[in-house]
A.B. asks: 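Quick one: this structure, given as structure tokens, is what I'll be asking you about.
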Amino acid sequence: MAKGILIYAQTDRNDFLQNVVLELANTAQDLSKKLDNCEVSAILFTDGTNLEENKNILSKNGFDKVYIANSKDLKQYSIEYYSKIVVDLIKNIEPEIFLIGATTQGRELAPIVATTLNTGLTADCTNLDINEKGQLASTRPTFGGNLMATILCKNYPQMATVRPKVLKKTETSIIKNTIFEEISFDLSTVDKKVEFIEFLPNKQLSDVRIDEAEIIVAGGKGMKNKEGFKLLEELAKLLGGSVGASRGAVDMKLADSSVQIGQTGKTVVPKIYIACGISGAIQHTVGMSSSEKIIAINKDKNAPIFKVADVGIIGDVFEILPELIKKLKG
Amino acid sequence: MNIAVCVKQVPDTADIKWTENNTIQREGLESIINPFDMYALETALKLKDEFKSVNITALTMGPPQAEEIIRKSIAIGINDGFVITDKKFAGADTAATGRTIAAAIKEKIKNVDLVLCGQFATDGDTAQTGPAISVNLNYPIITYVKEILSVKNNIITVKKEVEDGMEILKVKLPAVLCMLKCDYEPRRPLIDGFKTAQKADIPKYGLEDIGLDAEQVGFKGSPTYVSKAFRPEQKQCGDIFEPTNTDDAINKILEALNG
Ligand SMILES: Cc1cc2nc3c(=O)[nH]c(=O)nc-3n(C[C@H](O)[C@H](O)[C@H](O)COP(=O)(O)OP(=O)(O)OC[C@H]3O[C@@H](n4cnc5c(N)ncnc54)[C@H](O)[C@@H]3O)c2cc1C
Ligand SMILES: Nc1ncnc2c1ncn2[C@@H]1O[C@H](COP(=O)(O)O)[C@@H](O)[C@H]1O
């Protein structure tokens, strides 16, 4: 009989835990309460760099047990190595639920693991609950956010990837006497075909990563030219945020495609999203409409962006933004 | 080199209308090739431009009328294609879809070197079908691919987009790649292409043709199922201002930033 909740404790390139792990940890506590306080555990990959710090964080976030795969060979994420270790662990401990952050890594690893184990996986969930029958009920947006679906799974573990920044992090620490267990594994049997060559960091317009930014200043075709985007950069810097763009602006080469927001770009959930000169086509708004607060500046009062905006300003970005920047500089 | 491109027919999300019961009105909904699959097709065609020996097959699983998107693919230069269709496939989740497509690729295309998928389909938006195909074919996979940099001696080198930048990876063929929106635009059909597409013979394969059992496909073969579908709460209309002067506008923005 499957038991307990397992969480993928994803770390970044420098071996720091990702925020989504703490969001999952918090939700797992709620789910566990509805499952006779079942065990909440994590699987952590590390090369040792930041292991002590990560152990400390995990024990403050309510994990009963942490399985650690520690090796220099695991420094760089490898789908073949990671999925092998995760699959073997799951076969061994048979969790009832396995949750993974819906990051680029999570959305590759999760379906590989699920298919290998012949179990079900719900993608990019925005809400998790336990239903009256004790099953994991995973809710997610479909049809570009037009429809929500709650999905159940017939097999074990019941798996879901969960969209970062949607669930809440733990407010106060839940300190547990966490058991840390280094797991052994044999990678020599893995026929590793994907080889990592190099990493090229983003040449973003701002210092803050767009998927982590609490404030995003996004521009569309209405920003007209590179000078227009300079204003957005300046504003983002003053607010400690990041610059995003519509596809319209990316197509005009005003911004790199890595910061495009929307259906064929990224989905972001910042605290504040400032849309400047963006019309608000559905393909754009599916990527940003879950933001906590949306401020829109557009000179066309009929622009659809005003339908999703919490605060809409009908006006000219070239009159408003320079003055706003001046005022913020004080 | 044999390339298989997986294409899906999706409703145009810009065009969604609602029935009185809050379900999506499917009649009259415009169908398109999933936008990411357009980039997968274009990426395959670029390889065909570069290497004369490339043969591209487009395939889709769906209702018989999904044939339309195979014709569209042929019109832009894909060599041939087929539709995987059977009432027994209905209700498939990504696990069953991946299994079915992989079986069809194995049975119906000889010696596939490269399978290209889109990263997401805009209706389901799961990004799980490509990985499920790769496990069923026992091929390695790279997802979030932005560009193919080179193909040499059976090794393909790609650029993958991740949250903090780009990774360069290489993989030995055969392999599955899932394509993001690329920095080039998908080509449009030529007049000749339309003619070829109209004449093309597009086979339809059902369960018997792909060597799976009824238990492995469709709703029966799917580990997940939808228990409930509902329309998200409509957001309350926000406050829209038409400020009389710039100061007024700035104050409203500062208020919103601080509040
Ligand atoms: C398959 C598909 C996928 C797509 N994916 C995406 C996606 O991922 N992301 C995305 O963003 N789009 C996407 N699009 C494109 C989308 O449909 C829109 O075309 C695009 O978002 C428009 O960009 P925009 O708002 O910058 O430009 P426009 O629609 O041209 O809007 C510019 C706006 O700026 C305003 N404006 C102009 N000057 C000023 C000024 N001085 N002051 C204030 N306001 C001003 C105008 O009133 C207008 O509303 C996709 C389209 C398709 C078909
Ligand atoms: N029914 C289908 N027929 C062909 N290809 C599909 C189908 N469903 C998904 N795919 C492929 O898998 C990709 C990801 O789809 P999804 O997992 O639904 O987000 C798509 O871009 C297609 O390349």
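Numbered from 1 within each chain, the chains take letters A, B, ... in sequence-line order.
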A.B. asks: Measuring heavy-atom distances to chain A, does B:Thr122 have an atom under 4.5 Å in its side chain, in its backbone, in both, or in neither?
C.D. replies: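 Both parts, backbone and side chain.
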A.B. asks: State, to 0.1 Å, how close A:Leu121 and B:Thr224 come at their nearest heavy-atom pair, and which atoms those are.
C.D. replies: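 Distance-wise, the nearest heavy atoms are N-CG2, 3.5 Å.
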A.B. asks: Side chain, backbone, both or neither: which part of A:Thr119 has an atom under 4.5 Å from a heavy atom of chain B?
C.D. replies: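 Just the backbone, heavy atoms under 4.5 Å.
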A.B. asks: Considering only heavy atoms and a distance below 4.5 Å, find which of A:Lys192, A:Met159, A:Arg247 pairs most often with chain B.
C.D. replies: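 Going by pairs under 4.5 Å, I would pick A:Arg247.
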A.B. asks: Kindly compute the distance separating CD1 (B:Ile253) from CD1 (A:Ile297), expressed to the nearest 0.5 Å.
C.D. replies: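 Reported value, rounded in 0.5 Å steps: 4.0 Å.
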A.B. asks: Counting only N and O atoms by type, is there a donor-acceptor contact under 3.5 Å from the side chain of A:Arg107 to the main-chain atoms of B:Gln128?
C.D. replies: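 Side chain of A:Arg107 to backbone of B:Gln128: no pair is present.
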A.B. asks: Quick check on A:Ser138 against chain B: is it the side chain, the backbone, both or neither that has a heavy atom closer than 4.5 Å?
C.D. replies: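 No part of A:Ser138 comes within 4.5 Å of chain B.
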A.B. asks: Taking all non-hydrogen atoms of both residues, which atom of A:Pro111 and which atom of B:Ala127 are closest, and how far apart?
C.D. replies: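 Of all heavy-atom pairs spanning A:Pro111 and B:Ala127, the closest is CG-O, 4.4 Å.
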A.B. asks: With rounding to the nearest 0.5 Å, note down the distance linking CD in A:Glu80 to CD1 in B:Ile141.
C.D. replies: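 The CD atom of A:Glu80 sits 10.5 Å away from the CD1 atom of B:Ile141.
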A.B. asks: With a 4.5 angstrom heavy-atom cut-off, which part of B:Phe241 approaches chain A: side chain, backbone, both or neither?
C.D. replies: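 When you check distances to chain A, atoms from both the backbone and side chain of B:Phe241 fall under 4.5 Å.
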A.B. asks: Write down the atom of B:Pro11, the atom of A:Phe143, and the distance for their closest heavy-atom approach.
C.D. replies: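 Minimum heavy-atom separation between B:Pro11 and A:Phe143: CG-CE2, 3.3 Å.
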A.B. asks: At a heavy-atom separation under 4.5 Å, does B:Leu257 approach chain A through its side chain, its backbone, both, or neither?
C.D. replies: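 The answer is both parts of B:Leu257.
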A.B. asks: Rounded to the nearest 0.5 Å, how far apart are CE of B:Met38 and OG1 of A:Thr264?
C.D. replies: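 Output value for this atom pair is 12.5 Å.
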A.B. asks: Locate the shortest heavy-atom distance separating B:Leu254 from A:Lys327; write the atom from each residue and the value.
C.D. replies: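 In terms of heavy atoms, the two residues are closest at CD1-CG, 4.1 Å.
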A.B. asks: Look at the side chain of B:Glu163 and the backbone N and O of A:Thr104, then say whether any donor-acceptor pair between them is shorter than 3.5 Å.
C.D. replies: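 Judged by distance alone, yes, a pair lies under 3.5 Å.
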A.B. asks: Using heavy-atom distances under 4.5 Å, tell me whether A:Lys266 contacts chain B through its side chain, its backbone, both, or neither.
C.D. replies: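 Just the side chain, heavy atoms under 4.5 Å.
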A.B. asks: Please classify the contact between A:Ile313 and chain B as side chain, backbone, both or neither, with a heavy-atom cut-off of under 4.5 Å.
C.D. replies: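 Both parts, backbone and side chain.
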A.B. asks: Keeping the roles fixed (side chain from A:Lys293, backbone from B:Ala256), state whether a donor-acceptor pair exists under 3.5 Å.
C.D. replies: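 Yes, because the side chain of A:Lys293 sits within donor-acceptor range (under 3.5 Å) of the backbone of B:Ala256.
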A.B. asks: Give the member of A:Ala102, A:Gly120, A:Ala110 that has the highest number of heavy-atom pairs under 4.5 Å with chain B.
C.D. replies: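 Looking at each option in turn, the highest pair count goes to A:Gly120.
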A.B. asks: Can you tell me how far apart NZ (B:Lys252) and CD1 (A:Ile320) are? Round to the nearest 0.5 Å.
C.D. replies: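 That separation rounds to 12.0 Å.
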A.B. asks: Is it the side chain or the backbone of B:Asp183 that comes within 4.5 Å of chain A heavy atoms, both, or neither?
C.D. replies: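 B:Asp183 touches chain A through side-chain heavy atoms alone.
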A.B. asks: Let me confirm one number: the OG1-CG distance from A:Thr115 to B:Asn136, rounded to the nearest 0.5 Å.
C.D. replies: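 Spacing of OG1 (A:Thr115) from CG (B:Asn136) equals 6.5 Å.
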A.B. asks: Which region of A:Gln260, side chain (C-beta onward) or backbone (N, CA, C, O), has a non-hydrogen atom less than 4.5 Å from a non-hydrogen atom of chain B, or is it both or neither?
C.D. replies: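 The answer is the side chain of A:Gln260.
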A.B. asks: With a 4.5 angstrom heavy-atom cut-off, could you sort out which part of B:Asp248 is near chain A: side chain, backbone, both or neither?
C.D. replies: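 No part of it gets close to chain A.
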A.B. asks: What part of B:Phe36 is in contact with chain A, defined as an atom under 4.5 angstrom from a non-hydrogen atom: side chain, backbone, both or neither?
C.D. replies: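 Looking at B:Phe36, just its side chain touches chain A.
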A.B. asks: Looking at A:Glu108 and B:Lys160, does any basic side-chain N land under 4.0 Å from a carboxylate oxygen?
C.D. replies: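 A salt bridge links A:Glu108 with B:Lys160.
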A.B. asks: Please look at B:Tyr139 and chain A and tell me whether the side chain, the backbone, both or neither of the residue comes under 4.5 angstrom of a heavy atom of that chain.
C.D. replies: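 When you check distances to chain A, no heavy atom of B:Tyr139 falls under 4.5 Å.
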A.B. asks: So, applying side chain to side chain contact (heavy atoms under 4.5 Å, CB included) with A:Ile197, which one of B:Leu169, B:Leu149, B:Thr157 is it?
C.D. replies: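 Of all the options given, the one that passes is B:Thr157.
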A.B. asks: Checking heavy atoms, do the side chain of B:Gln119, its backbone, both or neither come under 4.5 Å from chain A?
C.D. replies: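 For B:Gln119, no heavy atom lies under 4.5 Å from chain A.
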A.B. asks: So which atom in B:Gly124 and which in A:Arg140 form the shortest heavy-atom distance, rounded to 0.1 Å?
C.D. replies: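 Smallest interatomic distance, heavy atoms only, reads O-NH1, 2.8 Å.
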A.B. asks: List the atom of B:Pro223, the atom of A:Asn155, and the distance in Å for their closest heavy-atom pair.
C.D. replies: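 Heavy atoms only, the tightest pair is CB-ND2, 3.8 Å.
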A.B. asks: Under 4.5 Å, counting heavy-atom pairs only, tell me which of B:Gly238, B:Gly165, B:Ala249, B:Gly130 racks up the most with chain A.
C.D. replies: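 Result: the option with the highest number of such pairs is B:Gly165.
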A.B. asks: So which part of B:Thr129 gets closer than 4.5 Å to some heavy atom of chain A, the side chain, the backbone, both or neither?
C.D. replies: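 When you check distances to chain A, no heavy atom of B:Thr129 falls under 4.5 Å.
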A.B. asks: Strictly distance-based, threshold 3.5 Å: is any side-chain N or O of A:Arg13 a donor or acceptor partner for the main-chain N or O of B:Asp164?
C.D. replies: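 A pair under 3.5 Å: no.
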A.B. asks: Counting only non-hydrogen atoms closer than 4.5 Å, does B:Ile155 touch chain A with its backbone (N, CA, C, O), its side chain (CB onward), both, or neither?
C.D. replies: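 For B:Ile155, no heavy atom lies under 4.5 Å from chain A.
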A.B. asks: Examine whether an atom of A:Leu152 lies under 4.5 Å from a heavy atom of chain B, and if so say whether it belongs to the side chain, the backbone or both; otherwise answer neither.
C.D. replies: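 Looking at A:Leu152, backbone and side chain both touch chain B.
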A.B. asks: Can you tell which of A:Asn131, A:Ile112, A:Leu321 has the highest number of heavy-atom pairs within less than 4.5 Å of chain B?
C.D. replies: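 Of A:Asn131, A:Ile112, A:Leu321, A:Ile112 has the most heavy-atom pairs under 4.5 Å with chain B.
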A.B. asks: NZ/B:Lys170 to CD/A:Glu195 distance, rounded to the nearest 0.5 angstrom?
C.D. replies: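 Those atoms lie 4.5 Å apart.
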A.B. asks: With a 4.5 angstrom heavy-atom cut-off, could you sort out which part of A:Gln135 is near chain B: side chain, backbone, both or neither?
C.D. replies: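 For A:Gln135, side-chain heavy atoms alone lie under 4.5 Å from chain B.
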A.B. asks: Got a salt bridge between B:Lys159 and A:Glu198, using NZ or NE/NH1/NH2 to carboxylate O under 4.0 Å?
C.D. replies: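 No salt bridge links B:Lys159 with A:Glu198.
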A.B. asks: Please determine whether side chain to side chain contact (heavy atoms under 4.5 Å, CB included) holds for the pair B:Lys146 and A:Ser258, giving the CA-CA distance in whole Å, both sets of side-chain angles, and the decisive distance to 0.1 Å.
C.D. replies: CA-CA 10 Å; B:Lys146 194 78 183 161; A:Ser258 65; over 6 Å; no
A.B. asks: Who among B:Pro140, B:Cys237, B:Ser227 has the most heavy-atom pairs with chain A under 4.5 Å?
C.D. replies: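 That would be B:Ser227.
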A.B. asks: Take A:Lys154 and B:Ser222 through the side chain to side chain donor-acceptor pair (under 3.5 Å) test and state the conclusion after the steps.
C.D. replies: CA-CA 8 Å; A:Lys154 296 182 226 170; B:Ser222 297; over 6 Å; no
A.B. asks: Does the side chain of A:Phe196 come within less than 4.5 Å of B:Glu167's, by heavy atoms?
C.D. replies: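 B:Glu167 reaches A:Phe196 side chain to side chain.
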